[in-house]
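Chain identifiers are assigned alphabetically (A, B, ...) following the order of the sequence lines, protein sequences preceding nucleic acid strands; residue numbering begins at 1 within each chain.
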Amino acid sequence: MHQYIKEIATHEGQQATLKGWVANIRESKTNIFIVLRDGTGFMQCVIGLDDVGEAQFEAAKRLSLESSLALTGNVIKDERQMGGYELQATALEVYSYSKDYPIKVNENEHGVRHLADRRHLWLRSKRQWAVMRVRNQIIMGIHEFFQNKGFVQMDAPIFTGNACEGTTTLFATDFFGEEAFLSQSGQLYGEAMAMAQGLIYTFGPTFRAEKSDTPRHLAEFWMIEPEMAFYDNEMNMDLIEGFIKHVINRVIEKCPVELEALERDVEKLKGVNQSFPRVPYTDAVKILRGEQDVNGRNAIAVQEADLAAAKQGIEDNLKDIAERETAIKAGMKKGARKFNEAKIAALRKEIAYMEEQVRNIPKWIESAKNFKGGEDFGGSDETVLTRVFDAPVMVYNWPTKIKAFYMKEVEGDPDHVKGVDLLAPEGYGEIVGGSERETDIDILLRKIKEHELPMSEFEWYLDLRRFGSVPHAGFGLGLERIVRWCCGLDHLRETIPFPRRYGRLLP
RNA sequence: GCCUCCAUAGCUCAGCUGGUUAGAGCGCCGGACUGUUAAUCCGUAGGUCCUAGGUUCAAGUCCUAGUGGGGGCGCCA
């Protein structure tokens, strides 16, 4: 029987055995300090020559990053340590020595390709450990929210015969000689189940064959799609808001250690506790173009300020670097020199990032200023728009022509449909897309034709309107996108254990 | 598919307007140190400067093409 780091506080002053891997190691003549990780957490363990004897101390000296071992010793309270405790070992048993582990303690010292090629090992590093724990709590929060409200979880099929939003984005497979596609949405099946159960949600993998090589796209991702009978779009938006609040607050409550490891600004996440602004599409267009201010903030002005700040920042950093370099050349103590060299490297990284901004922001401003009403927002438009808000924003009543066939038209305004997109703050973009569904079979028939979809594939779906059609609504949430936002990550590739995206099938 | 930036040691990078034997930090290996927090200190090893052409007295540095990668856009959750 051994103990886990997460519960080590209950063993204060007692003997405990921990089993895990070496996450970091430092040694002096008579003490070896190991940061042990066991999956539940990280904890410093001290191996003293006098405590374990010469033979075991020699064995411990051969340990290096990611060696595996069991350590037995006394649990001592020590406020200086992360977690507040330390293990003073009296015995150790090495399971396996590890040599030349290819990932450094600080993963930021690697390029993204080096890490992606070693994803199976990268998952062990502290940041990735934290991300996967946050992901786990988000998943728990999703189930908790819906189950508490009486929703029934359903599994939609992965093999599908119908292409509900066009075939170019579908992965085709051979299904006993017939062409079948990997599912890109469980929604239509969800609608069928909602007519049986009332309130349901699907939670499963989704596949998109888009060659989208961006930070917000994966070829395989997980989607949550609730569907509610007798809901209109207002109720849909209420549900979305309550749902996001619940999930984010759960992570804040359950994952303080993880969010700290990720250096996530929790105050920004707490912005979800404000009520979410609800903006009709036509107003969102005005805000985007800079024709309408929000809370005294102008979308275009915010971008221009960002651009100016980036330009100024580059100049400041260059000046700072030059000053430090001349100071180093003039001569300084080794410690001070190293500090300054590290600082210069950091300043250069900042410059590289700001240079990207200087290249990109003018394009974003152009795109926003010249945005044509009636079109869909692009990635940069979403960023520009959300920067004027502190909370997630819901944009609703979208142009009919850019949305899917099943969305219900706004009464007396056939050019707009009752769709809603939730845009996350801080530039994380769209994380939820939903709508009230069309209930009128004649309108659906017309739209399926207009979208040039194969009518035969939708016969079963039309039955839902033939037999007891009711108002209903639903939405889809991309799991990885909310993980990304929650963890404050640059890219979706870190939000899922083994990402499948354009150009990446291994490991 | 388009735009843009980049490719130098195991890793992350520096190498200014071309100019003798190509540098640093980390890692590895050896040594020092009674408690370290990305430990520190001393030392050793480690490089066909992505590939193929070209310009030049001289190319890591300039030009052309190719290959590979980062970022942005499109498509979307």
Pairwise 5' ranking along RNA chain B for A/Q88 and A/E27, keeping only the more 5' one: A/Q88

Sugar-phosphate only, base, or nothing, as touched by A/R493 at under 4.0 Å among non-hydrogen atoms: sugar-phosphate

Spacing of A/I32 atom CD1 relative to B/G35 atom C1', expressed in whole Å: 13 Å

Check: A/E86 side chain, B/G35 base, donor-acceptor under 3.5 Å: yes

Neighbour count >12 (heavy atoms, 6.0 Å) for atom CG, A/D490: no

Touch class at under 4.0 angstrom, heavy-atom based, for A/E375 against every strand present: nothing

Residue pairs fulfilling ring pair (Phe, Tyr, Trp, His ring centres under 6.0 Å) with at least one residue in residues 488-507 of chain A, sequence neighbours excluded: none

Sugar-phosphate only, base, or nothing, as touched by A/N31 at under 4.0 Å among non-hydrogen atoms: base

Below 4.0 Å: OP1/OP2 of B/C41 and any side-chain N or O of A/R26: no

Whole angstrom value for the distance that separates P of B/G46 from CG of A/D100: 16 Å

Sugar-phosphate, base or nothing in reach of A/G111, heavy atoms under 4.0 Å: sugar-phosphate

Whole-Å gap separating C1' (B/C76) and CG (A/L477): 14 Å

Distance, P atom - from B/G30 to B/A45, rounded to whole angstrom: 15 Å

Rounded P spacing from B/C26 to B/C50 in Å: 25 Å

Short N-O contact, A/E241 and A/K245, less than 4.0 angstrom: yes

Student check: side-chain heavy atoms of A/R216 and A/E480 closer than 4.5 Å: no

Protein-nucleotide distance (A/N360, atom CG; B/C73, atom P), rounded to Å: 7 Å

Interatomic distance, A/R208 atom CZ to A/S183 atom OG [nearest 0.5 angstrom]: 8.5 Å

Closest to side chain of A/H491, choosing from B/G71, B/G70, B/G35: B/G71

B/G35 to B/G23 separation - P atoms, rounded to the nearest Å: 35 Å

Stacked cation flag A/R118 on A/W122, 6.0 angstrom / 45 deg: no

Under 3.5 Å donor-acceptor pair, A/H217 side-chain atoms to B/C76 base atoms: yes

A/R113 vs B/G69: side-chain N/O to OP1/OP2 distance below 4.0 Å: yes

Sugar-phosphate only, base, or nothing, as touched by A/V432 at under 4.0 Å among non-hydrogen atoms: sugar-phosphate

Shortest side-chain distance from A/V112, nucleotide among B/C76, B/G25, B/G70: B/G70

Touch class at under 4.0 angstrom, heavy-atom based, for A/E480 against every strand present: nothing

A/R216 vs B/C73: side-chain N/O to OP1/OP2 distance below 4.0 Å: yes

P spacing across the pair B/G60 / B/C3, given as an integer number of angstrom: 31 Å

A/E210 CD to B/C76 C1', straight-line distance once rounded to whole Å: 5 Å

Sugar-phosphate, base or nothing in reach of A/P215, heavy atoms under 4.0 Å: sugar-phosphate

Sugar-phosphate, base or nothing in reach of A/D117, heavy atoms under 4.0 Å: nothing

Spacing of CZ belonging to A/R289 relative to CD1 belonging to A/I300, to within rounding of 0.5 Å: 10.5 Å

Touch class at under 4.0 angstrom, heavy-atom based, for A/T214 against every strand present: base

Donor-acceptor contact below 3.5 Å, side chain A/S67 vs main chain A/S98: yes

Closest nucleotide among B/G35, B/G70, B/C29 to the A/F33 side chain: B/G35

Pairwise C1' distance, B/C41 and B/C33 [rounded to whole Å]: 8 Å

Interatomic distance, A/E366 CD vs B/G72 P [rounded to whole Å]: 19 Å

B/A14 and B/C73, which share atom name P, separated by this distance in whole Å: 25 Å

Sugar-phosphate only, base, or nothing, as touched by A/H110 at under 4.0 Å among non-hydrogen atoms: sugar-phosphate

Pairwise C1' distance, B/C11 and B/U20 [rounded to whole Å]: 30 Å

Minimum-distance nucleotide to A/N24 side chain [options: B/G35, B/A38, B/G71]: B/A38

Pairing pattern in dot-bracket form [Watson-Crick, G-U; both distances under 3.5 Å; | = partner strand] for RNA chain B: (((((((..((((.....[...))))..((((.......))))......(((((..]....))))))))))))....

Check: A/K104 side chain, B/C11 base, donor-acceptor under 3.5 Å: yes

B/G31 OP1/OP2 closer than 4.0 Å to side-chain N/O of A/K29: no

Quiz item: cation-pi between A/K126 and A/F42, 6.0 Å / 45°: yes

Residue whose nearest RNA chain B nucleotide is more 5′ - A/D78 or A/P102: A/P102

Touch class at under 4.0 angstrom, heavy-atom based, for A/I482 against every strand present: nothing

Table please: side-chain donor-acceptor pairs of residues 27-34 of chain A below 3.5 Å, with sequence neighbours left out.
from  : atom 1 : to    : atom 2 : distance (Å)
A/S28 : OG     : A/N31 : N      : 3.4
A/S28 : OG     : A/N31 : O      : 3.3

Distance in angstrom units between A/F221 CZ and B/C75 P, rounded: 16 Å

Distance in angstrom units between A/R504 CZ and B/G69 C1', rounded: 11 Å

C1' spacing across the pair B/G19 / B/G15, given as an integer number of angstrom: 14 Å

Sugar-phosphate, base or nothing in reach of A/E109, heavy atoms under 4.0 Å: base

Interatomic spacing from CD1 in A/I224 to CZ in A/F146 - rounded to 0.5 Å: 8.0 Å

